[in-house]
Amino acid sequence: MCELYCIPKLQQIDVYLSFSKEYQMGFEYNDFFLPSVLDDEMETERIINKYLSLGRDCSRDTLHGAFLDLCVNSTDRRIYEVSDLRVRQSMEIAKKMGLRAVIFHTNYIVNFRLRSYLDTWLSRNEEYWRRILRDYPEQEIFIENMFDDSPELLIKLAENMADEPRFSVCLDTAHAFISGSPLGPWLDGLKQYVSHVHINDNDGRQDLHQAVGSGSFPWEEYHSWIQSFARKPSVLIEVREFEDLKKSVEYMKQHLLYPLGNKDSGCDKL
């Protein structure tokens with residue numbers, strides 16, 4: 001497994017290949033979650049083939065699955081069918097590329113606290129992700145907090161799925177920071193279920209995807225939390241531009257933030 005990940009851009013692929021090699025980074029592909037790509041089979045295949053032609057070992061890489069408007073817990077048959085289609089398109093791409101895992105979002109209606117809605121979300125999500133794991137036995141699934149207002153539902157889902165070794169949590173620390181809930185319960189409550197982390201910075205109000213160290217996020221809290229893991233999760237620097245990736249790496253090196261404060265950081269060698 002790689003400890004550190006970045007999001008490559010095909011338009012600058014040589015730059016990302018060089019940088020990822022220097023820091024032994026895995027890739028997390030963000031090319032495939034847009035409906036315009038998923039609806040264009042030729043474009044999807046072109047992107048897949050381009051990445052596969054690079055000569056990299058993709059087996060440690062991850063993919064951000066479709067998430068826009070998805071509702072796998074919907075009781076509306078048509079909405080469920082489209083959501084299921086998008087999830088399976090994402091899984092098929094990961095299967096073709098031989099990837100480690102696919103990340104999906106919780107995608108529930110924040111502040112809708114009707115007990116029947118929460119119970120339905122929980123039961124239908126558990127049923128659904130068990131089915132997807134059964135149908136795609138080579139991939140892991142990470143569920144990421146979107147704009148959840150508390151970690152409660154994700155904790156319960158992770159607890160219910162704890163018997164499934166290929167299911168775990170992708171904790172987006174920036175999303176947790178702007179959730180309106182204290183950061184501590186996110187870090188502590190989900191810790192035992194987290195195997196992948198998304199990091200970037202923001203102002204505490206908006207999901208800005210700024211470079212690490214350029215906003216208000218309490219990085220000392222991240223550092224203490226992640227150092228407490230017996231088996232540390234992988235970490236994606238989730239920023240939009242290459243310059244922000246470089247700035248993030250420099251900040252993490254300067255402040256000894258995991259995994260760049262770890263002299264042995266990188267991908268495990270085969």
Side-chain angles (χ1 to χ4, degrees), residues 1-32 47-48 50-64 94 97-103 140 142 144 168-175 177 194-202 208-215 217-270:
M1 183 184 78
C2 293
E3 292 177 345
L4 190 62
Y5 285 72
C6 67
I7 300 168
K9 288 188 174 183
L10 278 175
Q11 302 92 324
Q12 299 172 272
I13 196 60
D14 290 340
V15 173
Y16 280 93
L17 284 172
S18 176
F19 196 76
S20 63
K21 184 176 181 180
E22 179 179 358
Y23 291 99
Q24 299 181 53
M25 292 178 171
F27 281 172
E28 185 158 305
Y29 304 98
N30 274 208
D31 308 76
F32 301 102
I47 297 171
I48 290 172
K50 178 64 176 178
Y51 279 125
L52 292 180
S53 73
L54 298 176
R56 297 179 65 262
D57 177 7
C58 296
S59 65
R60 301 177 183 89
D61 292 345
T62 56
L63 179 143
H64 200 306
M97 295 181 71
L99 306 182
R100 166 193 172 204
V102 184
I103 295 96
E140 298 175 59
F142 304 151
E144 175 188 347
S168 56
V169 169
C170 168
L171 180 59
D172 189 306
T173 57
H175 290 172
F177 186 49
V194 171
S195 58
H196 194 55
V197 179
H198 285 178
I199 62 171
N200 52 66
D201 222 324
N202 60 50
L208 300 173
H209 288 251
Q210 292 175 326
V212 172
S214 65
F217 187 85
W219 291 105
E220 68 284 351
E221 198 165 347
Y222 160 85
H223 179 74
S224 297
W225 172 70
I226 208 161
Q227 287 297 334
S228 69
F229 278 76
R231 184 168 184 252
K232 292 180 173 56
S234 49
V235 177
L236 168 70
I237 301 175
E238 191 181 22
V239 292
R240 296 186 177 100
E241 304 298 335
F242 180 70
E243 285 305 312
D244 287 333
L245 175 61
K246 287 203 303 181
K247 289 177 184 176
S248 298
V249 165
E250 288 306 313
Y251 182 87
M252 293 173 74
K253 287 166 60 179
Q254 180 182 353
H255 294 271
L256 302 179
L257 295 179
Y258 178 85
L260 290 170
N262 175 9
K263 67 180 181 179
D264 297 321
S265 64
C267 290
D268 296 336
K269 303 298 189 296
L270 292 176

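Residue numbers count from 1 along this sequence.
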Quiz item: Does Lys50 have any salt bridge (charged side-chain N to carboxylate O under 4.0 Å, His left out) partners at least two apart in sequence or in another chain, and if so, which?
Solution: none

Quiz prompt | Side-chain (Thr173) to main-chain (Tyr222) donor-acceptor, under 3.5 angstrom | solution = no

Quiz item: For Gly215, does its backbone N or O pair with a side-chain atom of Asp201 as donor and acceptor, under 3.5 Å?
Solution: yes

Quiz prompt | Interatomic spacing from NZ in Lys9 to CD in Gln12 - rounded to 0.5 Å | solution = 6.0 Å

Quiz item: Do Leu10 and Tyr51 come close enough that some side-chain heavy atom pair is under 4.5 Å?
Solution: yes

Quiz item: Rounded to the nearest 0.5 Å, how far does CZ of Phe229 lie from OG of Ser195?
Solution: 9.5 Å

Practice problem: Say whether, by atom type as modelled, one donor and one acceptor occur between the side chain of Ser248 and the main chain of Asp244 under 3.5 angstrom. | Solution: yes

Exercise. Please confirm whether Phe242 and Phe19 have ring centers closer than 6.0 angstrom.
Key: yes

Quiz item: For Glu3 and Lys232, what are the C-alpha separation, side-chain angles and deciding distance, and is it a salt bridge (Lys or Arg N to Asp or Glu O under 4.0 Å)?
Solution: CA-CA 8 Å; Glu3 292 177 345; Lys232 292 180 173 56; over 6 Å; no

Practice problem: Answer yes or no: is there a side-chain heavy-atom contact under 4.5 Å between Val249 and Met25? | Solution: yes

Quiz item: Hey, which of His64, His198, Arg100 is the one that makes side-chain hydrogen bond (donor to acceptor under 3.5 Å, both in side chains) with Glu28?
Solution: His198

Quiz item: So how far is it from Leu245 CG to Arg240 CZ, rounded to the nearest 0.5 Å?
Solution: 14.0 Å

Quiz item: Cys170 versus Val197: any side-chain heavy-atom pair under 4.5 Å?
Solution: no

Quiz item: Do Pro8 and Ile13 have side chains that get closer than 4.5 Å, going by heavy atoms?
Solution: yes

Quiz prompt | Qualifying residues under salt bridge (charged side-chain N to carboxylate O under 4.0 Å, His left out), relative to Glu22, sequence neighbours excluded | solution = none

Quiz item: Is the side chain of Arg60 donor-acceptor paired with the backbone N or O of Leu99 at a distance under 3.5 Å, no angle test?
Solution: no

Practice problem: Would you give the length of the straight line joining atom NE2 of His255 to atom CD of Glu250, rounded to the nearest 0.5 angstrom? | Solution: 11.0 Å

Quiz prompt | Closest non-hydrogen atom pair, Tyr16 against Ile7 | solution = CE2-O, 3.2 Å

Quiz item: Can you check side chain to side chain contact (heavy atoms under 4.5 Å, CB included) on Phe217 and Asn202, steps first, answer last?
Solution: CA-CA 7 Å; Phe217 187 85; Asn202 60 50; 5.6 Å; no

Quiz item: Closest heavy-atom contact between Asn200 and Trp219?
Solution: O-CZ2, 3.4 Å

Quiz prompt | Criterion side chain to side chain contact (heavy atoms under 4.5 Å, CB included) on Met252 and Ile199, from CA distance to verdict | solution = CA-CA 11 Å; Met252 293 173 74; Ile199 62 171; 3.8 Å; yes

Quiz prompt | Close aromatic pair by centroid cut-off 6.0 Å: His196 and Tyr5 | solution = yes

Quiz item: Do Cys58 and Leu52 come within less than 4.5 Å of each other through their side chains, counting heavy atoms only?
Solution: yes

Exercise. May I have the step-by-step check of side chain to side chain contact (heavy atoms under 4.5 Å, CB included) for Phe177 and Asp172, ending in yes or no?
Key: CA-CA 9 Å; Phe177 186 49; Asp172 189 306; over 6 Å; no

Quiz item: Looking at CD1 of Ile103 and CG of Leu236, how far apart are the two atoms once the value is rounded to the nearest 0.5 Å?
Solution: 7.5 Å

Quiz item: Hey, are the side chains of Ile237 and Cys6 touching, using non-hydrogen atoms and a 4.5 Å cut-off?
Solution: no

Practice problem: Go through the steps for Ile48 and Phe32 under the test side chain to side chain contact (heavy atoms under 4.5 Å, CB included), then give the verdict. | Solution: CA-CA 9 Å; Ile48 290 172; Phe32 301 102; 3.8 Å; yes

Quiz item: What residues, two or more places apart in sequence or in another chain, satisfy side chain to side chain donor-acceptor pair (under 3.5 Å) together with Arg56?
Solution: Tyr29, Asp61

Quiz prompt | Sidechain-backbone polar pair: Ser224 side chain, Glu221 backbone, donor-acceptor under 3.5 Å | solution = no

Exercise. Report yes if some heavy atom in the side chain of Lys247 is under 4.5 Å from a heavy atom in the side chain of Gln210; otherwise report no.
Key: no

Practice problem: Could you tell me whether the side chain of Val169 reaches within less than 4.5 Å of the side chain of Glu144, counting heavy atoms only? | Solution: no

